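Every chain is numbered from 1, with letters handed out A, B, ... down the list of sequences. Every value quoted in this text rests on a predicted model; they were computed, and no experiment measured them.
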Amino acid sequence: MSGYKPLSQLRIGEKANVVSLGGGTEFVRRLLDLGLISGTSVEAVQRSPSGDPAAYYIRGAVIALRDDDASKILTAPDGVQGFCPLS
Amino acid sequence: MGLTNSSVGRGAIENFKLNNDGNSRVIALAGNPNVGKSTVFNALTGAKQHTGNWTGKTVSNASGEFQFGGRTYTLVDVPGTYSLSASSAEEEVARDFICFGGADAVAVVADASCLERNLNLVIQISQCVPNMLLCVNLMDEAEKKGIKIDLEELSLQLGVETVGICARDGSGLDELKNKLEKVSSGELTYHRRKIEYPEEIQTALDGIIKEVSKMSDKIPAQWIPWISVKLLEADKSISGPLRKFLGVDIFSLENVKQASEQADRYLKDNGFTSEKVRDLLVGAIVKRAEEIAGKCVSFTNDNYDSKDRKLDKLFTSKATGIPIMLLMLAVIFWITIVGANYPSQLLSALFGKVENLLSEMLSGTQAPPWVEGLFVKGMFRTLAWVTSVMLPPMAIFFPLFTILEDFGYLPRVAFNMDKFFRKAGAHGKQSLTMCLGIRQKFRFLRI
């Protein structure tokens, strides 16, 4: 499981692949609809001056996510096709 | 702006009961937020509607008309939504009107510069709406970024009639109206490709489809696959609208319930949790969107968004983000306050002259003094004061703010301010409504 971390902990410029999504049904549905299905590549682009939220590059769009929400997205390092450790 | 229960709640749909007198048609205008839907709406109907970025500016009771081919088309501007599985009141209204509103056609607007993201909604709508026209907007923007769209291939892949437009300068709109006429009359219905699901999911789905198909007298054929997916997903939010539209509550029918339970059991036995099922069902559409975008969109410039990203760094970095924001707001307030001075004085002088004229007129008549006091010194003077003080700053501030909005700067403000505003129990977007309020304050301080 080394290298697996929540999206909120990605450094700026770091890329990763989505492994799994936590949180309530509606929230997860929303993230899925934005393209955050497992295997999707994401990149942390920028942090707000106040530190939160952060902007992520997801399927061709830059989307802002609060740390509260981004911490519910588990990622694997770029190049590792993560399996869901909690199935 | 105003999201009220009556403008967005279920009752809103009732406002659009169709007048099917054969010569008029109702078209739903749908799409993701920020794709230029309102620009398309204005371009077609000529209505003076503000093109805004924030939810609450486009509410479900926006509609306009245009004439084409001897018919009246009523265009209904549906709230922007990312998916037909609604996660807010607005999205629910959008979904309900798109699927159950009974419009003669649904025109879906997409942004050529980020087509893949838009395709999620496009594919979902194509699976449950037979009369659909895809309008790929902002083609000029895409061209500038070196993004090429193969519209014919797109049309083929989706099985949907497609047209490329640039609503801002009006190109493609004639073709749009032409195709809309054919689509809404049922002349052009393509063959939609089925969404491909993993084998076990498809087997489970087939079981449900078999049962639902038995009600083909009540349920339109093209809805059967889509409703079956909703049943498998256990998406109860459509049971209400379905019941209203079809007169039957699918979720409570015995044979359908049994088929769903059987499907659930089959999937669980094969190691699929209900979360996994949901992820795979939505994921299938996302993957299909990726596949289609891969076939139809080509980027001739790999760094097409490097300028935007550099600007974003400037507007949201720790060092420059907030100073630039404060500077921008300061400049706008300064222009408003200074620029409004002269017009305010002019208006004041003008109203003063009119007031004197009114007083003279009244003194010439036999009217008692209280008439002049009430109507001239009271009502008229108050009206004059308020207008000459409030109108010039509003006429300057709102256009300036709109320019910022059109440049796309305002979401960066919300992004910067979100943390501070959340500490106060609000959120970033409300920093903008606060700006509008501060402008009012400045006006009164100056007096």
Side-chain angles (χ1 to χ4, degrees), chain A residues 8 11-13 15 17-74 81-87, chain B residues 81-88 91 111 113-117 120-121 124 233-235 271-276 278-287 289-290 293 297 299 305 308-309 312-313 315-323 325 411-412 414-420 422-423 427-428:
Chain A
S8 49
R11 289 180 310 270
I12 301 305
K15 286 200 178 124
N17 297 321
V18 174
V19 171
S20 67
L21 306 173
T25 316
E26 270 190 26
F27 172 70
V28 170
R29 189 66 210 247
R30 186 80 164 162
L31 295 180
L32 292 172
D33 277 322
L34 288 175
L36 281 169
I37 61 175
S38 94
T40 303
S41 171
V42 293
E43 179 189 339
V45 173
Q46 181 77 315
R47 283 219 162 252
S48 165
S50 53
D52 181 17
Y56 304 92
Y57 193 72
I58 302 168
R59 293 185 180 270
V62 177
I63 297 179
L65 290 170
R66 299 194 178 106
D67 278 352
D68 275 353
D69 300 327
S71 61
K72 299 193 174 112
I73 301 168
L74 187 63
Q81 216 37 37
F83 69 95
C84 177
L86 310 156
S87 52
Chain B
T81 172
Y82 288 107
S83 161
L84 287 185
S85 58
S87 50
S88 71
E91 291 197 326
D111 180 352
S113 310
C114 57
L115 196 60
E116 186 183 328
R117 193 154 84 115
N120 186 15
L121 177 69
Q124 286 183 42
E233 243 182 84
D235 183 1
F272 288 77
T273 59
S274 42
E275 285 86 22
K276 191 147 186 230
R278 174 199 56 200
D279 293 358
L280 287 170
L281 286 173
V282 181
I285 303 213
V286 175
K287 288 210 176 92
E290 184 181 39
V297 184
F299 299 89
D305 60 351
D308 286 342
R309 298 245 234 154
D312 273 342
K313 273 218 158 60
F315 292 138
T316 57
S317 77
K318 213 161 185 163
T320 56
I322 302 224
M325 193 179 80
R412 277 76 191 163
F415 182 73
N416 290 343
M417 300 304 292
D418 187 66
K419 190 164 187 186
F420 303 122
R422 285 214 302 156
K423 287 213 167 100
H427 57 76

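Listed options Pro53(A), Gly35(A), Gly51(A) were ranked by heavy-atom pairs under 4.5 angstrom with chain B; first place goes to Pro53(A). Heavy-atom pairs under 4.5 Å with chain A were tallied for Leu115(B), Val286(B), Ile285(B), Thr320(B); the largest tally goes to Val286(B). By number of non-hydrogen pairs under 4.5 angstrom with chain A, the leading residue of Thr316(B), Ile322(B), Asn416(B) is Thr316(B). Note: Ser50(A) leads Gly60(A), Ser50(A), Ala54(A) in heavy-atom pairs under 4.5 Å with chain B.
Pro49(A) and Ser317(B) get closest at one heavy-atom pair: CG-O, 3.7 Å. Closest approach of Val45(A) to Lys313(B), counting heavy atoms only: O-NZ, 4.1 Å. Here the closest heavy-atom approach between residue Lys419(B) and residue Asp52(A) is recorded as CB-O, 3.6 Å. Between Phe415(B) and Ser48(A) the shortest heavy-atom distance is O-OG, 3.1 Å.
Looking at Glu91(B), the atoms closer than 4.5 Å to chain A (heavy atoms on both sides) all sit in the side chain, from C-beta outward. Proximity to chain A is absent for every atom of Arg412(B), based on heavy atoms less than 4.5 angstrom apart. Residue contact with chain B, scored on non-hydrogen atoms closer than 4.5 Å, involves the side chain of Arg66(A) exclusively. Within the 4.5 angstrom heavy-atom criterion, no atom of Leu65(A) approaches chain B. Using a 4.5 Å cut-off between heavy atoms, Asp68(A) contacts chain B through its side chain alone, with no backbone atom that close. Residue contact with chain B, scored on non-hydrogen atoms closer than 4.5 Å, involves the backbone and the side chain of Ala55(A) alike.
Taken to the nearest 0.5 Å, the CG atom of Leu280(B) stands 10.0 Å off from the CG atom of Leu32(A). We find the CG-OG distance between Asp279(B) and Ser20(A) to be 9.0 Å, quoted to the nearest 0.5 Å. Rounding to the nearest 0.5 angstrom, the gap separating the OG atom in Ser83(B) from the CZ atom in Arg30(A) is 8.5 Å.
Distance alone, capped at 3.5 Å, is enough to place a donor-acceptor pair between the Asn120(B) side chain and the Asp33(A) backbone.
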>> Would Ile37(A) and Glu290(B) count as a side chain to side chain contact (heavy atoms under 4.5 Å, CB included) here? Give the steps.
In response: CA-CA 11 Å; Ile37(A) 61 175; Glu290(B) 184 181 39; 6.0 Å; no

Let me check something: any side-chain donor-acceptor pairs from residues 21-29 of chain A under 3.5 Å, sequence neighbours excluded? List them with distances.
residue, atom, partner, partner atom, Å
Arg29(A), NE, Ser85(B), OG, 3.2
Arg29(A), NH1, Glu233(B), OE1, 2.3
Arg29(A), NH2, Ser85(B), OG, 3.4

